[in-house]
S.K.: 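Supplied in structure tokens, the structure appears directly below.
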Number of protein chains: 2
Amino acid sequence: MKGLRRRPTDAELAILRVLWTRGPSTVREVAEVMGREAGYTTILKLMQIMTEKRLVRRDEAARTHIYEAAYTEDQTQRHLVTDLLDRVFDGSAAKLVIQALAAGKTSPEELAEIRKLLREKVRGTESAGEDVRGAGAPGGNEDRRGRQ
Amino acid sequence: MKGLRRRPTDAELAILRVLWTRGPSTVREVAEVMGREAGYTTILKLMQIMTEKRLVRRDEAARTHIYEAAYTEDQTQRHLVTDLLDRVFDGSAAKLVIQALAAGKTSPEELAEIRKLLREKVRGTESAGEDVRGAGAPGGNEDRRGRQ
DNA sequence: TTGACACTACGAAGAGCGTCGTAGATAATC
DNA sequence: GATTATCTACGACGCTCTTCGTAGTGTCAA
């Protein structure tokens with residue numbers, strides 16, 4: 001239970017989703033968005049635990065605390081993908097991509113987008129050889145930021 | 001705890017990996033491959049539970065039972081990818097692909113492979129409109145096979 | 001036949017997760 | 001100032017996961 005970086009649970013992810021779309025929020029606000037997905041105190045407790053785990057940050061200045069996701073959606077997505085890559089794809093991104101495309105119905109627009117991205121990426125890889133950064137991931141998240 | 005299709009846990013995945021590479025195996029064989037990752041009885045217990053969950057099949061003909069993965073590696077990979085897609089990527093395969101490529105260092109060879117796959121897939125999508133099958137996934141896994 | 005050994009079955013313990021009830025403190029309302 | 005509403009904190013329960021010890025049973029060799 002130490003400061004090991006582990007993956008968020010399903011319930012935690014549900015809360016993070018709200019935090020990502022709404023931005024910094026109170027427990028009540030999160031609870032309202034989630035509807036009857038879970039009770040108020042359940043969400044409160046979860047968010048308290050997430051604070052301990054450093055999954056969210058809490059502003060206790062006012063009586064009603066304000067919570068904020070500690071990691072961006074991009075960072076979390078990347079973390080989770082990396083995890084899945086290691087656990088079941090033997091680290092091969094190609095295999096994962098293949099399954100992702102085989103699994104869901106991907107729209108032609110999405111396919112086009114992916115191809116475009118790949119073209120850019122190939123250019124970058126060929127010239128730089130190793131350095132992979134700089135081609136992808138729209139939304140500006142270059143920071144990789146230390147562990148805990 | 002009913003027959004709901006859920007994702008295998010980490011420990012279960014470790015066992016499945018052995019089963020996938022070795023084929024049908026006894027508990028001892030799995031334990032040997034896994035080294036001191038876990039004790040013998042731990043693995044035994046896990047595999048018993050996995051049998052109940054229908055994650056593996058067990059041949060009890062001989063005294064020493066023989067276990068076999070109930071789902072192929074491909075099927076499981078697809079299941080897990082779909083799950084991740086739904087939980088954190090809002091169903092967008094494109095986003096997932098982007099993160100997968102941004103996350104790990106993908107070799108130029110792999111990139112080429114992915115691009116080739118995409119070319120084929122685009123052709124199929126444009127003509128058929130919906131039917132996505134038939135383009136990819138080397139390793140022969142056309143079967144989709146019923147739930148439990 | 002009697003050990004020594006291998007294998008399965010069973011049970012339990014400890015941790016994490018998700019759920020919620022309730023208590024206690026603070027703010028708002030009349 | 002008293003009542004009501006709102007919010008956090010705490011503790012507990014049931015469940016799953018992982019781990020392992022131990023018991024029971026079958027197998028084989030000396």
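All chains are named by letter (A, B, ...) in the order of the sequence lines, taking the proteins before the strands, and each is independently numbered beginning at 1.
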S.K.: Measure from NZ on A:Lys45 to C1' on C:dG21 and round the result to the nearest Å.
M.R.: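 Going from NZ in A:Lys45 over to C1' in C:dG21 covers 12 Å.
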S.K.: Do A:Thr76 and A:Trp20 make a side-chain contact, defined as non-hydrogen atoms from C-beta onward lying under 4.5 Å apart?
M.R.: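 Touching, per the 4.5 Å side-chain cut-off.
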S.K.: What is the distance, to the nearest angstrom, from the CD atom on A:Glu37 to the C1' atom on C:dC20?
M.R.: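 Spelled out: CD on A:Glu37 to C1' on C:dC20 is 16 Å.
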S.K.: Under 4.0 angstrom, heavy atoms only, what part of the nucleic acid is B:Ile49 near: base, sugar-phosphate, or nothing?
M.R.: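 Base: the residue B:Ile49, judged by heavy atoms under 4.0 Å, touches a nucleobase.
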S.K.: Would you kindly give the CE-to-C1' distance between B:Met50 and D:dT16, to the nearest whole Å?
M.R.: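 Result: 15 Å.
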S.K.: Looking at B:Arg7 and A:Asp10, is there a salt bridge between them, counting it only when a charged N and a carboxylate O are closer than 4.0 Å?
M.R.: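 Looking at B:Arg7 together with A:Asp10, the answer is yes, because their closest N to O distance falls below 4.0 Å.
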S.K.: Among residues at least two apart in sequence or on other chains, which ones pass side chain to side chain donor-acceptor pair (under 3.5 Å) with A:Arg63?
M.R.: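 Listed in chain order: nothing, the list is empty.
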S.K.: Is there side-chain contact between A:Asp59 and A:Pro24, with at least one heavy-atom pair below 4.5 Å?
M.R.: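 Answer no - side chains too far apart.
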S.K.: Side-chain contact test, heavy atoms from C-beta onward, threshold under 4.5 Å: evaluate it for B:His79 versus B:Thr82 and give yes or no.
M.R.: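 No. Closest side-chain heavy atoms not under 4.5 Å.
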S.K.: Rounding to a whole Å, what distance do you find between B:Asp10:CG and D:dT16:P?
M.R.: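 Taking CG of B:Asp10 and P of D:dT16, I get 18 Å after rounding.
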S.K.: Please state how far atom CZ in A:Arg36 lies from atom C1' in C:dC20, giving the value in whole angstrom units.
M.R.: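 My rounded result for the distance is 18 Å.
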S.K.: Write down the distance between CD (A:Glu52) and C1' (C:dG16), rounded to a whole number of angstrom.
M.R.: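 The distance from CD of A:Glu52 to C1' of C:dG16 comes to 12 Å, rounded to the nearest Å.
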S.K.: Output all residues satisfying side chain to side chain donor-acceptor pair (under 3.5 Å) with A:Arg28, sequence neighbours left out; order by chain, then residue number.
M.R.: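 A:Arg28 satisfies side chain to side chain donor-acceptor pair (under 3.5 Å) with no residue once adjacent residues are dropped.
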S.K.: So, do B:Leu84 and B:Arg87 sit near enough that their side-chain heavy atoms are less than 4.5 Å apart?
M.R.: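 SC-SC contact between B:Leu84 and B:Arg87 confirmed.
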S.K.: Between protein and nucleotides 28-30 of chain C, what N or O pairs are separated by less than 3.5 Å?
M.R.:
none

S.K.: Taking all non-hydrogen atoms of both residues, which atom of A:Ala93 and which atom of B:Ala100 are closest, and how far apart?
M.R.: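 Taking every non-hydrogen atom into account, CB-O, 4.0 Å.
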S.K.: Hey, does A:Val27 have a side-chain heavy atom less than 4.5 Å from the side chain of A:Tyr40?
M.R.: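 Yes - at least one pair of side-chain heavy atoms lies under 4.5 Å apart.
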S.K.: Using atom CG of A:Leu16 as one end and atom P of C:dG18 as the other, report the distance to the nearest whole Å.
M.R.: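 Computing the A:Leu16:CG to C:dG18:P distance gives 12 Å.
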S.K.: Give me the distances for all protein-to-nucleotides 1-8 of chain D N/O pairs that come in under 3.5 Å?
M.R.:
{"residue": "D:dT6", "atom": "O2", "partner": "A:Arg63", "partner atom": "NH2", "Å": "2.6"}
{"residue": "D:dC7", "atom": "OP2", "partner": "A:Arg28", "partner atom": "NE", "Å": "2.3"}
{"residue": "D:dC7", "atom": "OP2", "partner": "A:Arg28", "partner atom": "NH2", "Å": "3.2"}
{"residue": "D:dT8", "atom": "OP1", "partner": "A:His65", "partner atom": "N", "Å": "3.2"}
{"residue": "D:dT8", "atom": "OP2", "partner": "A:Tyr40", "partner atom": "OH", "Å": "2.8"}

S.K.: For the helix from C:dT1-D:dA30 to C:dC30-D:dG1, what is the angle between the axes at its two ends, each from 5 pairs, rounded to 10°?
M.R.: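 Computed from the C1' atoms at both ends, the axes differ by 10°.
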S.K.: Under 4.0 angstrom, heavy atoms only, what part of the nucleic acid is B:Thr9 near: base, sugar-phosphate, or nothing?
M.R.: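 Result for B:Thr9 = sugar-phosphate.
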S.K.: Whole-Å distance between D:dT18 C1' and B:Glu12 CD?
M.R.: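 So the CD-C1' distance, B:Glu12 to D:dT18, works out to 10 Å.
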S.K.: If you round to the nearest 0.5 Å, how far is CZ of B:Arg57 from CE of B:Met50?
M.R.: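 Nearest 0.5 Å value for the CE-CZ distance: 12.5 Å.
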S.K.: Suppose we screen for side chain to side chain donor-acceptor pair (under 3.5 Å). Which residues come up paired with B:Glu73, at least two apart in sequence or across chains?
M.R.: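 Testing B:Glu73 for side chain to side chain donor-acceptor pair (under 3.5 Å), a comparison that skips the adjacent residues, returns none.
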